[in-house]
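Here's the structure we're looking at; comments come further down.
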There are 2 protein chains.
Amino acid sequence: MQEHYAHPEMKTVQLADVLHALSDPLRLRIVAALATGDERGWGDFDAPVAPSTLSHHMKVLRQAGLVTHRREGTRCIVALRPELEARFPGLLDTVLRLAPERAAADRTGGE
Amino acid sequence: MQEHYAHPEMKTVQLADVLHALSDPLRLRIVAALATGDERGWGDFDAPVAPSTLSHHMKVLRQAGLVTHRREGTRCIVALRPELEARFPGLLDTVLRLAPERAAADRTGGE
DNA sequence: AAGGTTGTTCGATGAATATCGAATGACCAT
DNA sequence: ATGGTCATTCGATATTCATCGAACAACCTT
């Protein structure tokens with residue numbers, strides 16, 4: 001495990017990569033959970049997959065420029081990358097507004 | 001070849017499916033080319049792939065609810081599905097606004 | 001009917017992806 | 001140091017995907 005995670009430069013991130021990263025239901029759910037702007041610990045997403053699988057999805061999100069990873073002691077803190085908005089204005093807002101996973105839908109009584 | 005193409009009901013189309021369909025550069029280009037609202041003949045996209053490959057991508061776009069296929073004589077006419085806007089308001093506008101393929105569409109089409 | 005045009009379908013293939021369990025590495029507490 | 005917790009990496013596997021050429025089907029023209 002490295003102390004420093006590799007994050008791509010935002011200008012090198014392609015739209016198709018972001019869309020691909022968002023096209024997996026679990027990853028979409030993770031991004032939606034981060035949409036409040038709060039950081040989340042790695043384990044705070046109770047994803048129905050093995051730790052190794054979750055790690056894989058986190059890596060995809062990181063390499064697509066969607067999230068940052070930061071180490072804090074033994075925990076791993078995840079957050080949305082703020083520069084994403086400058087690179088693709090409005091994209092994340094639009095997608096998350098339409099995502100069934102979004103927190104608001106849960107609050108207003110989804111299924 | 002069937003006279004009637006299978007198009008999914010819009011309400012059954014999932015966001016992740018749409019994002020996945022848009023996450024391929026060639027498919028994104030095709031959708032961008034259709035964004036003017038005009039119909040296009042199947043062969044009007046000079047895609048750098050074999051006909052069978054193009055047919056595959058067209059099928060993906062059709063099954064994701066993005067486009068309609070219509071037969072006209074021996075030709076095949078493709079167009080964006082208008083109901084998509086009602087299902088996912090603003091999604092396509094946002095994605096296409098950010099797509100690099102838009103520049104090419106602007107040059108040859110204008111707006 | 002015979003032939004040409006236009007997409008689709010059918011294998012086949014190599015690359016990418018999602019998933020898991022096991023092993024490993026980094027860090028903290030004792 | 002020893003052990004525990006947390007996340008990543010490593011193999012392995014099954015699935016999906018993009019791609020092609022070949023064969024086929026639908027349609028129009030002659």
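Below, chains carry the letters A, B, ... as their sequence lines are ordered, and counting in each starts from 1.
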Does [X] put a side-chain nitrogen or oxygen below 4.0 Å from OP1 or OP2 of [N]?
{"X": "A/Arg75", "N": "C/dC28", "answer": "no"}
{"X": "A/Arg27", "N": "C/dA18", "answer": "yes"}
{"X": "B/His20", "N": "D/dC17", "answer": "yes"}
{"X": "B/Trp42", "N": "C/dT5", "answer": "no"}
{"X": "B/Thr53", "N": "D/dA18", "answer": "no"}
{"X": "A/Tyr5", "N": "D/dA7", "answer": "no"}
{"X": "B/Thr74", "N": "C/dT6", "answer": "no"}

Taking side chain as C-beta onward, heavy atoms only, is B/Val31 less than 4.5 Å from B/Val95?
->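 No; the side chains remain at least 4.5 Å from each other.
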
NA contact type, A/His56, heavy-atom cut-off 4.0 Å: base, sugar-phosphate, or nothing?
->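 The residue A/His56 makes base contact.
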
Hey, does B/Val60 reach any base, or is it just sugar-phosphate, or nothing, if we go heavy atoms under 4.0 Å?
->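 B/Val60: no heavy atom of the nucleic acid under 4.0 Å.
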
Which atom names give the shortest non-hydrogen contact between A/Leu26 and A/Ala47, and what distance separates them?
->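 So the two residues come closest at CD1-CB, 3.8 Å.
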
For B/Glu83, enumerate each residue passing the salt bridge (charged side-chain N to carboxylate O under 4.0 Å, His left out) test, keeping only those at least two apart in sequence or located in another chain.
->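 With neighbours one apart ignored, the set is B/Arg81.
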
Minimum-distance nucleotide (side-chain atoms of [X] versus [options]):
{"X": "A/His57", "options": "C/dG7, C/dA18, D/dC20", "answer": "C/dA18"}
{"X": "B/Arg62", "options": "C/dT8, D/dA18, C/dT19", "answer": "C/dT8"}
{"X": "A/Ser52", "options": "C/dC27, D/dT9, C/dG7", "answer": "D/dT9"}

Got a sec, which pairs hit ring pair (Phe, Tyr, Trp, His ring centres under 6.0 Å) with one end in residues 50-71 of chain B, sequence neighbours left out?
->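 Sorted pair list: B/Tyr5-B/His69.
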
Would you kindly compare A/Pro51 and A/Gly73 by the position of their nearest DNA chain C nucleotide and give the one closer to the 5′ end?
->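 That would be A/Pro51.
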
To the nearest Å, how far apart are B/Ile30 CD1 and D/dA18 P?
->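 For the pair B/Ile30 CD1 and D/dA18 P, the rounded distance is 12 Å.
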
